[in-house]
Every structure is written in structure tokens, then in C-alpha cells.
Protein chains: 2
Amino acid sequence: MTDPVVALSAFSTIPDGGLDDSEPMNGRVYATLRAQLMSGAFEPGEVVSIRSLAEKLGTSTMPVREALHRLIGDRALETRANRTIAVPLISRAGFRAIAEVRVALEGLAAERAAKHLSEAEIDRLDALTQGMAEAARLNEPQRYLALNTDFHHSIYRAAQNPVLLDLIEKLWVQAGPQFNFLFHTVGVPMRTIAPHEAIIAALRAGDGAGARQSVQRDISESIPDIVETLPV
Amino acid sequence: MTDPVVALSAFSTIPDGGLDDSEPMNGRVYATLRAQLMSGAFEPGEVVSIRSLAEKLGTSTMPVREALHRLIGDRALETRANRTIAVPLISRAGFRAIAEVRVALEGLAAERAAKHLSEAEIDRLDALTQGMAEAARLNEPQRYLALNTDFHHSIYRAAQNPVLLDLIEKLWVQAGPQFNFLFHTVGVPMRTIAPHEAIIAALRAGDGAGARQSVQRDISESIPDIVETLPV
DNA sequence: GAGCACAAACTGTGATCACAGGCTAGAGCC
DNA sequence: GGCTCTAGCCTGTGATCACAGTTTGTGCTC
């Protein structure tokens, strides 16, 4: 099975997943923790302490506290009333709020991407989708998730709007911990690849409006499955 | 003239503009610097150093470096190749990229707000707009800006989607330094209030689609004026 | 007078310490 | 036996120091 952290490194803003030695430690810690959050390594509601993370990562507390504060700014972590830092518990309403914004942003990104994607890149999207079908058949949820992430992210990157890409990533990081943790514990069902094939068809036709609609439907249809598994 | 920082505090996520003594110092420094960036207190391209800011704010370097790293995460500041921290210079393409996302997000927010705004709140929006007309007539750009910020932000708050509000604020903070600095130096022309009156009319009619269109037109029409003043 | 080199003064970063507040577990008392 | 208070541990936060890298400015040399 594909290592989820490594697989998700393609999703990180920072090349090489933040493993560059010349980069400051705080940035590397940030990239590492972000990837771990996205891969469901932390349980929603879990308290993360600066000192314990520093010990686990083999550094002093300084880089960790800077990284944690950045993640708090990203709403990927939150400070509680006691001022302890924890992984947010996302409510059903909160998840729907995120989904509503995702529909707007990722729809826009898909529409713009339709004008920039080359035939070769669309072929790659097709390969990713076929890989998802295989992962679903073999019941490999981690691989399924990694491929799905790569699929969507590749499209949004093709929109060639760094601001848009940045905000979409922020939303994924916000929902990621809850989503991915549920995915590999409770077990969210892996859906069919039909929505992705609709997206690919629209992209191949250069149909921006169609790509937008297909992506928006893909997101909207996935909401109930996930909301259902949320406790609140 | 209204103090821009105080006027903008209504725009901050943190109540009281972060002046609460019980709140940690790093949060107060963050709120202060964010407000100062939004009011154009820093020149785009200007290098801001941790130690000098700490001395100016009367604290040690610790709260400042945490605040600066949060602002870097918000893309309100950037680290240069030398690893010094500076206020970003936004290119014309960069400004258009932000505007494109603003159109999507603020259009969505306006549409949702149309379903929630009360008559009294719309009356307040009307009063803000009349104030802008007066500020334009009396040539008070700072007051004009503060009222404009309050106007838009009030609408987006009414959308009752905290995730959406958060992202919109992030975009304003990104563009704010460049925009507001240009505004009170080069002097961006103050526009007529016609677009705002169209927004108010749509909101009063509960016309979500109309509110979306009006807000999107308001943003789109303001772009050329600003882009024109950008150096690159 | 122009160019080069060295030194001083910055820069951000990592580490460490002290401290106040909150939580918990255990001992002592009723 | 059950309740309460206290002592100890853990939390994040602020401050301070050392260090490596870069920039800047000055003085010396050619």
C-alpha cells in the first residue's frame, strides 16, 4: 500500500514534502505535521502538545510551536479554552460550510483548468481514475484517497491561479483530519468513478462550464456519505 | 477623520481588535499588525524585522515572530531569499488572481446573505453607502475606505458561513497592504456609490442571484482602476 | 579616485529557562 | 467510605542567549 504521507507530498505546497535540509526546521515541521494531519494520523479532538511533538520529531520546542501556530492560522488546529492545542472536531454544519465553499472554489478552478490542460495531462487524470477503480476493487482505502487527492489537485493546479490553489488547499487541510481519520477507521465507502469520468469528458471537450458542473456534482454527491459518519 | 485602524477593527476576526488584556500577547500583536497592514501603514516591499517591531510594540521578540509567521501563512507577508520578512509586492497578474477568487467567494456570500439580512441591517448598509458618498465629496479617502470595508464585510458576515468569511478576510488581508497604501499615497479615485445601491436594492428584494451579480460587478469594475496604479 | 577587503551591524533561527495557569491523582480528614 | 484540599505534573507563553548567514559601510590599497 502506498505510504499516505509520501503520496500526499504531491499535495503539499512545499516541494519535496519539506524534506529539504536547507530549509528552516520550522517549515519542515509544518510540512510534516500538515501531511500527517491530512493522512489521518491524528484523531479529531486529540490534544497535541508542543513538547511531546518536539520530542517525537527530535527537535526543540521552538520550531514546533511556530508550526503549530501556523496550523492554527490555517484552522487545521485550534486552541481550546484551556489554551491547549487540539485537532478540531468538525460538526455536520461545519462540514457543510466547508463543502459550500469548496463547490464555489473548485468549480471555478475546474472551469479555468479546462482551458489549460493538455491531452497528456488529461490522460494522466484518466490513469489516476482507473487506479481509483482498482483501489476500490482491492479495498485499499489509503491508495484510493491518495489517488483522489492527486486527481483533484492536478486539476486545480492547472487553473494557474496560485491564490485559488492556496485557498482550496486550506479547505482540504481543514476537513482532512476529520475526513481521513473517519475514512480509515469507520470506513467511508469508496464511491464509483463515474463522476470523475464525467469530469474528464468535459475537460477533454474543453468544456469549462461542463467541467465546473461535473466537479460541483462530484463534491455535492460525496457530502451526504461523509456527513452521515460525523458524530454531531 | 475616522482612525482607520479603529474603524477596521470591526473587520477583524478578533473582537475588540485584539486589545483584550487576557489574550496572549502573540494574538494581540497579530491583530495589531494585521490592522496596520490593512490600513496601509507599511509600504509594499518594505522589510519588517522582528526585533524592530518588538521594540516598537514594547514586547520581546517571541510574540512578534509568532505573529509574523502567522501573517506569512496568510500570505500577508513573505519571506525573501535572504530569509528576511517583507510586505509582498503584488503584481498586476497577482491582483487579478485575487480578484478572480474574490468574485467567486464574495458573490456566493452576497447570494447567501440575501436570505438572512433583516430590514434594519439593510438600512445600516444604506447609511454606510451614504456615508461613502459624503466621504467622497469631502475627499476623505480613509473614511471612504473604512466605510467600504464595513459595508462589504457586513454582507459577508450575514452569509452565516464562518469558513467563507474567513477566506474572504484572508483575501482582503493579502490585497490590503498594496491597495490601501496606494490609496492614500498615489490616490486611487473614489468611485460612485451606484454599485452599492444596486447591491442594496437586490438585498432588499431578497434577490440572491441579483445580489451576487451586483457584488461581482462591483468588484470587477473596481479592478481596472487599481491594476492601473500597480507598477508591474 | 576607484575598487577591494575586512569588520561591524544587522537578519532569522534554534535552544533553553522561568513562570502562571489548569488538570489530576493522592493523601488526609470528616 | 466519601469528600476536600493540596502537591506535583503538564500546558502554553514570554524572555533571553548563541549562532550562522547576509548586508552594509568604512577604510585601506593600488
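Nothing here was measured: the structure is a model prediction, and the numbers come from that model. The sequence lines fix the lettering, A, B, ..., with proteins before strands; numbering per chain opens at 1.
For B/His69 and C/dT13, the shortest distance from a side-chain N or O to OP1 or OP2 is below 4.0 Å. For A/Asn82 and C/dG21, the shortest distance from a side-chain N or O to OP1 or OP2 is not below 4.0 Å. Of the side-chain N and O atoms in A/Ser49, one or more sit less than 4.0 angstrom from OP1 or OP2 of D/dT11. In this model, the phosphate group of D/dG14 is not approached by any side-chain N or O of B/Ser60 to a distance below 4.0 Å at OP1 or OP2.
Counting heavy atoms from C-beta outward, A/Asn180 and A/Met38 have side chains that approach closer than 4.5 Å. Residues A/Trp172 and A/His152 have side chains in contact (heavy-atom distance under 4.5 Å, counting atoms from C-beta outward).
Atom CD of B/Glu55 is separated from atom C1' of D/dA15 by 15 Å (rounded to the nearest Å). In this structure, B/Leu57 places its CG atom 13 Å from P of D/dG14, rounding to the nearest Å. Computed from coordinates, the A/Arg83 CZ to C/dC19 P distance equals 18 Å when rounded to whole Å. Rounding to whole angstrom units, CD of residue A/Glu23 and C1' of D/dG21 are separated by 17 Å. Atom CE in B/Met62 sits roughly 17 Å away from atom P in C/dA18 (whole-Å rounding). Atom CD1 in A/Ile85 sits about 10 Å away from atom C1' in D/dT13, given to the nearest Å. B/Tyr30 places its OH atom 19 Å from the C1' atom of D/dG12, with the value rounded to the nearest Å. For the pair A/Glu66 CD and C/dG14 P, the interatomic distance rounds to 7 Å; values are reported in whole Å.
Within the 4.0 angstrom heavy-atom criterion, only backbone atoms of the sugar-phosphate kind lie near B/Met25; the bases stay farther away. Residue B/Val48 is in sugar-phosphate contact alone, with no base atom involved, counting any heavy-atom pair closer than 4.0 Å across all strands shown. No contact: B/Thr79 has no heavy atom under 4.0 Å from any strand.
Residue A/Glu228 qualifies as open at atom CD: its count of foreign heavy atoms under 6.0 Å is 12 or below.
Taking 3.5 Å as the limit, the base of D/dG14 and the side chain of A/Arg65 contain a donor-acceptor pair of atoms between them. Scanning atom types as modelled, one donor and one acceptor separated by under 3.5 angstrom connect the side chain of A/Arg51 and the base of D/dG12.
The two residues A/Arg70 and B/Gly73 make their nearest non-hydrogen contact at NE-CA, 4.3 Å.
If you check the side chains of B/Ser154 and B/Asp150, you find a donor sitting under 3.5 Å from an acceptor.
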